[in-house]
Amino acid sequence: MAFALVGVIGVGSQWLAWRLRLPAIVLMLAAGLVIGPGLGWFVPERDIGPLVRPMISIAVAIILFEGGLTLNFRSLRDEAKGVSRLVFIGAPLGWLFSALALRYGAGMSWESAAVFGGIMIVTGPTVIAPLLRTARLARRPASLLQWEAIVNDPIGALAAVLAFEVVLVMRTAVTVGSAVWELALGIGVALALGAAGAAVVAWGFRKGRVPEYMKVPVLFSLLLAVFAVSDTVLHESGLLAVTVMGIGIANADLPSYAELRRFKEHATILLVSGVFILLAAAIEFDTLAALDWRAVVFVLAVVLVVRPLTVYLSLLGAGVPWREQLLVALTGPRGVVLVAVAGLFGERLADLGVPDGDVVAPLAFVLVAFTVVVHGFTLAPFARMLKLSGGAVPGVLLIGGSRWTLGLAEALRKVDVPVLMADTNHINLRPARAVGLDTYSGDILSESAEHWLELVSYDIVVAATENDAYNTLVATDLGPEFGRDNVYQIMREKNESARHALSSSLTGREFGPEETYAGLQKLMREGWSFRVTRLTEEYGLEEWREKRPHAKVVARVGPQGTTEFIREDEDIRPAPGVRIISMLPPGEEKGTDPEAGHEIAKQAAKNKPGKGSGRPAGKSGSMAGVKAWGPKPGSRPPGGKSVGRPGGKPGGKPPRAA
């Protein structure tokens, strides 16, 4: 029952946070405190006993291994100069300033301050990602924040591990010489085991020595073996070994990396939930009540002094505008990794006789709760105030350039929904560029698109190319990132042969007219057109359907600009200010509805190059030029706005795995 309660409460808190659009860590903290010290339903020491510490140790090891898997040096080299400065200059400065804040703000000993200060380098990649998506930041500040969180995650863990090893050896060794020898031996063994584990995985996976279905189990078992062996040589050095192992695998360029990424995502969600509930339930209210005014001074010093000072010194001379520096300086939420590692090392410090080791975990909880709540509610308005928001209305990403997607894109633009049309063939995008739509010429699944497109501005994906297999691939690949409820696909061709039929479990959501690509193109050739109609109290859905019996409904746009693609036979929720996008046959588009929108097809005909779009011909503001063009860092497409990062400087989007 104890294990079941931890799993249900932990994962349930994350699911509820997703539904309520709240930081998951806040709900997990509240749930752990309620079922633990609040109601007494779950007390780890009582209900699990001696399993608590090894469970937390193994969970933290896997979490740190996952952090190492995200650190790809090749991707980091391509990133902004500011990211490198936040890592190579900001991490040491953050460690130093955090330790000083702990020593003189919270009044902790130098031993605890050095260990805890190293952990505080981590800004929380599991917290930053949902905050950025909610705040819809512009590309460069979002890139700075997310890459800093990704890279500093393992670096902070390494700093804490090294500091703890020094404290451990200095307190247990008999002489200085033996202390240095034990420390060097432990660190050397950890580095060697981590590198050897990564090399074995890379060799076995690349040479096909491990079958596909056993890759994740082999990786998991080897991870535990490396952790246990290293920990036997020097206590807690296993955390260093698994972090190094993760970094090695991340830079091995394995063909099976996607499978490993899925493993680490699933494992991390489960373990993060479990560890956080365990740690929160083990906290006692008496311990929290024992925190005095110095805890408040410490938290305020971290948020208002340590973080801004670290960022400003790191980005000095990096060419980052002051608005972006200010946003990054005042945004530093801490996450589950900090709590997990701090809770583990706090217990270890207390066992070694460090007097304030048991204060580390409560201070970590206070810091995490304060920063997550403050940044969770202030980041979006603060970004809008600094004019660094990526747009208040979520956009739509249309995959495939055709007459049908062009009509849909113009209809969405009429209701002020941002649209980006992408196609691998730049010729298919010429009509879209001619009417001023943003376009991307290239494969939306390519690494270039990940780094060059500001995908955070788009919430919905519509796969509508002539290739059903490619549409299915887009829906499958982008489903985890955008959410499968937000990935749509036009109807596929019916194939009676089971050999050529695609699995229905891979497809995106169907919507609109029950027509395939060929059917939709046929409708457009026959004169069907898109129309936007505003529903009011006087002109509701029933009146609209009565006047337009043959109309095919495609989408519903709410008063706040939220777009929902719907099936043809699906009921539309009527509400004042709702607009519907539909397709009308040639005989019905001539009529005029009260409160109706514009006739999209006629408007598109008027928007010839150089007219109607507000831009000269060939300067549509598209993300790809008229000629076939492959984006290069800092380059600018002919006649269009740069598809690269703002200001022509690097600063791309981190991997989805973050």
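Computed from heavy atoms alone, side chains included, the values below leave out hydrogens, waters and symmetry copies. Computed from a predicted model, the values in this text were never measured in an experiment.
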Heavy atoms, side chains only, cut-off 4.5 Å: are Arg413 and Val435 in contact?
-> yes

Can you tell if the side chain of Leu330 reaches within under 4.5 Å of the side chain of Pro308, non-hydrogen atoms only?
-> yes

More than 12 heavy atoms of other residues, nucleotides or ligands under 6.0 Å from CD of Glu466: is that the case?
-> no

N/O donor-acceptor pair under 3.5 Å between Arg556 side chain and Glu564 backbone = no

Can you tell me how far CZ of Arg403 sits from CG of Leu523, rounded to the nearest 0.5 angstrom?
-> 10.5 Å

Side-chain (Gln325) to main-chain (Val320) donor-acceptor, under 3.5 angstrom = yes

Please examine the side chains of Met524 and Met583, heavy atoms only from C-beta on, and report whether any two atoms are closer than 4.5 Å.
-> yes

Between Leu429 and Gly401, what is the shortest heavy-atom contact and its length?
-> CD2-CA, 4.4 Å

Do the side chains of Leu316 and Tyr312 get nearer than 4.5 Å, heavy atoms only?
-> no

Stepwise, does the side chain to side chain contact (heavy atoms under 4.5 Å, CB included) test hold for Asn471 with Arg492?
-> CA-CA 9 Å; Asn471 292 340; Arg492 298 188 296 194; over 6 Å; no

Under 3.5 Å: donor-acceptor pair, side chain of Thr405, backbone of Gly400 = yes

Non-hydrogen atoms of Arg323 and Leu386 that approach each other most closely = CD-O, 3.1 Å

Sub-3.5 Å donor-acceptor pair from the side chain of Arg548 to the main-chain atoms of Ser582, do we have one?
-> no

Of all heavy-atom pairs linking Gly395 and Val417, the shortest is CA-CG1, 4.3 Å

Report yes or no: does Arg85 contribute a side-chain atom to a donor-acceptor pair with the main-chain N or O of Leu315 at less than 3.5 Å?
-> no

Report yes if the side chains of Trp528 and Lys552 come closer than 4.5 Å at any heavy-atom pair, otherwise no.
-> yes

CG-CD1 distance between Asn467 and Ile399, expressed to the nearest 0.5 angstrom | 13.0 Å

Gap separating the CG atom of Leu408 from the CZ atom of Phe530, nearest 0.5 angstrom | 5.0 Å

Side chains of Leu445 and Leu478 in contact at under 4.5 Å (non-hydrogen atoms) | yes

Any Val328 side-chain heavy atom under 4.5 Å of Arg307 side chain = yes

What is the minimum heavy-atom distance between His375 and Thr331, and which atoms define it?
-> CE1-CA, 3.6 Å

If you round to the nearest 0.5 Å, how far is CD1 of Ile444 from OG1 of Thr424?
-> 11.0 Å

Nearest heavy atoms of Ala551 and Leu584, plus distance in Å | CB-CD2, 3.3 Å

Apply the test side chain to side chain contact (heavy atoms under 4.5 Å, CB included) to residues Leu437 and Leu406: give CA-CA distance (whole Å), side-chain angles for both, the deciding distance (0.1 Å), then the verdict.
-> CA-CA 9 Å; Leu437 290 169; Leu406 176 62; 3.7 Å; yes

Considering only heavy atoms from C-beta outward, does the side chain of Phe482 approach that of Asp459 to under 4.5 Å?
-> no

Verdict with supporting geometry, Leu397 and Tyr440, side chain to side chain contact (heavy atoms under 4.5 Å, CB included) | CA-CA 10 Å; Leu397 182 59; Tyr440 175 75; over 6 Å; no

Neighbour count >12 (heavy atoms, 6.0 Å) for atom CD, Glu546 | no

Atom pair CG/CG of Asp423 and Leu398 - distance to nearest 0.5 Å = 11.0 Å

Under 3.5 Å, is there a donor-acceptor pair between the side chain of Arg433 and the main chain of His426?
-> yes

Can you name the closest pair of heavy atoms from Ile247 and Asn251 and give their distance?
-> O-ND2, 2.7 Å

Between atom CG of Leu145 and atom CG of Leu327, what is the distance when rounded to the nearest 0.5 Å?
-> 6.0 Å

Evaluate the ring planes of Phe565 and Tyr488, with Trp represented by its six-membered ring, and classify them as parallel (under 30°), tilted (30 to 60°) or perpendicular (over 60°).
-> tilted

Start with the C-alpha distance between Val419 and Asp438, add both sets of side-chain angles, then the distance that settles side chain to side chain contact (heavy atoms under 4.5 Å, CB included), and finish with yes or no.
-> CA-CA 7 Å; Val419 180; Asp438 287 339; over 6 Å; no

